[in-house]
Amino acid sequence: MANDKALTTRAEDFSAWYNELVLRAELADHSPVRGCMVIRPYGYRLWELMRDRLDTRFRETGHQNAYFPLFIPQSFLSREAEHVEGFAKEAAIVTHTRLKATADGLVPDPDSRLEEPLIVRPTSETIIYEMFSKWVQSYRDLPLLYNQWANVVRWEMRTRLFLRTTEFLWQEGHTAHATEQEAEEETLRMLGVYREFMEQWLAMPVVTGRKSESEKFAGALRTYTCEAMMQDNRALQNGTSHNLGQNFARQFDFKFASETGAEEYAWNTSWGASTRMVGGLVMTHGDDQGLVMPPRVAPIQVVVVPIFRKDEERTLVMERAREITGMLRGVRTHLDDRDNLTPGAKFYEWETKGVPFRIEIGPKDVAKQQVVLVQRVVGEGEERKKFLPESDVLSSIHRRLDEFQAFLLERARARREANSYRGVESYERFREILDGEGGFVYTGWCGSAECEAKVKEETKATIRCLPFEEFRSAQAPGTCIVCGGESVAEAVWAKAY
RNA sequence: CGGGACGUGGCGCAGCCCGGUAGCGCACCUGAAUGGGGUUCAGGGGGUCGCGGGUUCAAAUCCCGCCGUCCCGACCA
């Protein structure tokens, strides 16, 4: 744990700032295994709250949870050509089942070598569609609407807490449909579920749209994405939904009898969101004092800190603090009754952890039947600290939490728009933005991978998505920003995590 | 896998150039006072100096080898 009192500021080194926030807030810690993190109770509670909300939405949209194995036979992964190419470079692979003691220490026992190596799942399409193919005979068995909460492993070269860990937690939805149209509708519906969750619960506005060919999921027909902007103006892909077409169905012989009696391949979709969202939350709302939690997912929404001087004050104040904590119904509260810390130290600690509201109660407050209410962050010109009657706080806390939630979303949206560029007139200007402060740049694009590659080569920026209608510029750009050719789609360019 | 930096109590670091009994801050433990924004004082515990070898009367320090971590590139939810 970092012990220096001053936090690295966002401007100095965004990565260091981010890491420090995560470690200091005790969301997670580094583990002995490279690239894997230990999620600490506070971080896990946050994840649980996110998970519960998503799970509720999945049920509301007709999905059921199930569980599929951690190990996938190597041959499964290799059936879909694009899919294996996408994941082969980052596979964790199990080849033996026993260790043997030798002069050099423990080594894999040669006698226990597996005939076929097992891959630790990087994603579960293959094994799930293998099972689906056994369960479905006719169109009457469709659709299959499944979801699983699981951990997956991708052996990436470079890792960062929450954003790209070797092992991460996620949910992956997998569905099978009788028609292409139904699959496409499902793909878009679930993207909408993600978008709503990110905006309404994480207060993280996203630009939604379709991925370009080079950025789409390995094996998918089409990929749709939610792209958020972080405080360093880089993009973070936070949830994706794929229309897999019949690609996997063909490889896993997933067929069904249609209404007309014809044998047809099923249409699949898959969609996922991961612990990466926790990282996105930190980078969207955090400031130099620490985390800022949107109330709807805050593990603690209100912390009560008693303040007293002498023992007789202690009894009085603690009793009142306990009463008030108990009266905050339907609010996730915490009474910080630790005796070994000064109030000031507690203030800093809870601010670091991003608790939306703090209630301070001292002897003066008890006498006046008031409390001090402090909001974690406030708008321009507002007072952070308010002296309010107890009854006022008790009756208004839900409204205040809602308002704070809305404030965070609006603040993030305003920041994103302030760093978005439309109507960029020249490639020089385009490069100037991406090489400089960065941001989302909306331009015309000819659709060629060459122009995409050229930009990536020169600026490291990529097409984050081809945005849906509502995000597009009022006046559609007519030409490709790179080659000047005719534009086939508007593209959002940015450097990404 | 290429380029760079770094491995010293739990964390962050100094000491190394110029070899001579391992130090600082934070954290931790005990006691007392304190308490409206990171309390103060006093006392205390804890380290194979990444690993292996070499030079030397003597190595954290010099030499050789290895291992590991981080950052930058290629890869990526």
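Reminder, nothing fancy here: chain letters follow the sequence lines and each chain counts from 1.
Under the Watson-Crick or G-U wobble criterion, with both distances below 3.5 Å, B:rG46 has no partner in any strand shown. Base pairing of B:rC75 is not made with any nucleotide, judged by Watson-Crick or G-U wobble geometry with both donor-acceptor distances under 3.5 Å. Nucleotide B:rG19 forms no Watson-Crick or G-U wobble pair with any nucleotide shown, as no partner meets the under 3.5 Å limit on both distances. Searching all strands for a Watson-Crick or G-U wobble partner of B:rG25 with both distances below 3.5 Å returns B:rC11. Nucleotide B:rA33 is matched to B:rU39 when pairs are restricted to Watson-Crick or G-U wobble geometry with both distances under 3.5 angstrom. A 3.5 Å limit on both hydrogen-bonding distances identifies B:rU69 as the Watson-Crick or G-U partner of B:rA5. Across all strands shown, B:rA59 forms no Watson-Crick or G-U wobble pair with both key distances under 3.5 Å.
The one candidate from A:Thr223, A:Thr225, A:Asn247, A:Thr187 that meets the side chain to side chain donor-acceptor pair (under 3.5 Å) condition with A:His242 is A:Thr223. Between A:Ile39 and the options A:Leu169, A:Leu46, A:Leu27, a side-chain contact (heavy atoms from CB on, under 4.5 Å) holds for only A:Leu169.
As a whole-Å value, the separation of A:Leu163 CG from B:rC75 C1' is 16 Å. Rounded to an integer number of Å, the gap from A:Trp350 CH2 to B:rG38 P is 18 Å. Across the protein-nucleic acid pair, A:Phe308 atom CZ and B:rU39 atom P stand 14 Å apart, rounded to whole Å. We find that CG of A:Asp337 is positioned 15 Å from C1' of B:rG35, with the value rounded to whole Å. Rounded to whole angstrom, the span from the NZ atom of A:Lys368 across to the C1' atom of B:rG36 amounts to 11 Å. At whole-Å resolution of the value, CG in A:Asp336 and P in B:rG38 are 15 Å apart. Distance, A:Glu26 CD to B:rA27 P: 14 Å, rounded to whole Å. Spacing between atom CG of A:Leu281 and atom P of B:rA77 amounts to 21 Å, rounded to whole angstrom units.
Residue A:Arg24 has its side chain nearest to B:rG38 when only B:rG38, B:rC75, B:rG36 are considered. For A:Arg154, taking side-chain heavy atoms from C-beta onward, the closest of the listed nucleotides B:rG35, B:rA77, B:rC75 is B:rA77. Which of B:rA74, B:rG37, B:rG36 sits closest to the side chain of A:Arg158 comes down to B:rA74. Relative to the side chain of A:Phe168, the nucleotides B:rA77, B:rC75, B:rG36 differ in distance, and B:rA77 lies closest. Closest contact between the side chain of A:Thr342 and the listed nucleotides B:rG37, B:rG35, B:rU39 involves B:rU39.
Within 4.0 Å (heavy atoms only), A:Asn238 reaches no atom of the nucleic acid at all. Among the atoms of the strands shown, only primed sugar atoms or phosphate atoms (P, OP1, OP2) are found under 4.0 Å from some heavy atom of A:Gln237. At the heavy-atom level, A:Arg314 lies nowhere under 4.0 Å from the strands shown. Here A:Val372 lies in heavy-atom contact (under 4.0 Å) with a base. Using a 4.0 Å heavy-atom criterion, one finds that A:Gly272 contacts no nucleic acid atom at all. Within the 4.0 angstrom heavy-atom criterion, no nucleotide atom of any strand lies near A:Arg338. Counting non-hydrogen atoms under 4.0 angstrom, A:Lys460 reaches the backbone sugars and phosphates but no base. Among the protein residues, A:Asn340 comes within range of no part of the nucleic acid, since none of its heavy atoms lies under 4.0 Å from any strand. Residue contacts for A:Leu236: at a heavy-atom cut-off of 4.0 Å it reaches no nucleic acid atom on any strand shown. Heavy atoms of A:Thr165 sit under 4.0 angstrom from at least one base atom. Across all strands, A:Lys364 comes closer than 4.0 Å to base atoms (heavy-atom distances). Nucleic acid contact class of A:Ser274 (heavy atoms, under 4.0 Å, all strands): base.
For the atom pair CG (A:Leu161) and OG (A:Ser15), the distance works out to 11.5 Å, reported to the nearest 0.5 Å.
Comparing A:Tyr497 and A:Gln289, the nucleotide of RNA chain B nearest to each residue sits closer to the 5' end for A:Gln289. For A:Asn19 and A:Val374, each mapped to the nucleotide of RNA chain B holding its nearest heavy atom, the one lying further toward the 5' end belongs to A:Val374.
Atom P of B:rG35 sits at a distance of 47 Å from the matching atom of B:rC72, rounded to the whole Å. Nucleotides B:rA22 and B:rG47 place their P atoms 13 Å apart, quoted to the nearest Å. Nucleotides B:rG31 and B:rG19 place their P atoms 47 Å apart, quoted to the nearest Å. B:rC13 and B:rG65: their P atoms are spaced 27 Å apart (whole Å). Distance noted for atom C1' between B:rC29 and B:rG46: 11 Å (whole Å). Taking the P atoms as reference points, B:rC62 lies 27 Å from B:rC71, given to the whole Å. As rounded to the nearest Å, B:rG20 and B:rC28 have P atoms that lie 34 Å from one another. Atom name P, nucleotides B:rA27 and B:rG38: the rounded distance is 14 Å, in whole Å.
Classification of A:Lys364 and A:Glu313 as a salt-bridged pair fails, no side-chain N sitting under 4.0 Å from a carboxylate O. Electrostatic pairing of A:Lys460 and A:Asp435 does not count as a salt bridge here, judged by no charged N lying under 4.0 Å from a carboxylate O. Salt bridge annotation for A:Glu383-A:Lys386: absent, with no cationic side-chain nitrogen under 4.0 angstrom from a carboxylate oxygen. A salt bridge links A:Arg358 and A:Glu351; the closest N-O separation between the charged side-chain nitrogens and carboxylate oxygens is under 4.0 Å. No salt bridge links A:Lys346 with A:Asp337; every basic N to acidic carboxylate O contact stays at or beyond 4.0 Å.
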Nucleotide N/O of nucleotides 41-43 of chain B paired with protein N/O under 3.5 Å:
none

Could you write out each protein N or O paired with an N or O of nucleotides 2-8 of chain B at a distance under 3.5 Å?
none

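Defined by atom type and a distance below 3.5 Å, a donor-acceptor pair is present between the side-chain atoms of A:Arg10 and A:Gln231. A:Glu186 and A:His63 form a side-chain donor-acceptor contact under 3.5 Å, judged by distance and modelled atom types alone. A donor-acceptor contact closer than 3.5 angstrom is absent between the side chains of A:Thr123 and A:Arg121. Inspection of the A:Trp170 and A:Asn151 side chains reveals no N or O donor paired with an N or O acceptor under 3.5 Å.
Legend: ring-ring contact (aromatic ring centres under 6.0 Å, His included) pairs involving residues 350-373 of chain A, not counting sequence neighbours, sorted by first then second residue: A:His334-A:Trp350, A:Phe357-A:Phe404.
Applying the 3.5 Å distance criterion, the base of B:rG35 shares no donor-acceptor pair with the side chain of A:Glu313.
With a 6.0 Å cutoff to the six-membered ring centre and a 45° limit on the axis angle, A:Lys211 does not count as a cation-pi contact of A:Tyr224.
Using a 4.0 Å cut-off, no side-chain N or O of A:Lys385 falls inside it from OP1 or OP2 of B:rG37.
For A:Tyr348 and B:rG38, the ring-to-base geometry satisfies the stacking test (centroid distance below 5.5 Å, interplanar angle below 30°).
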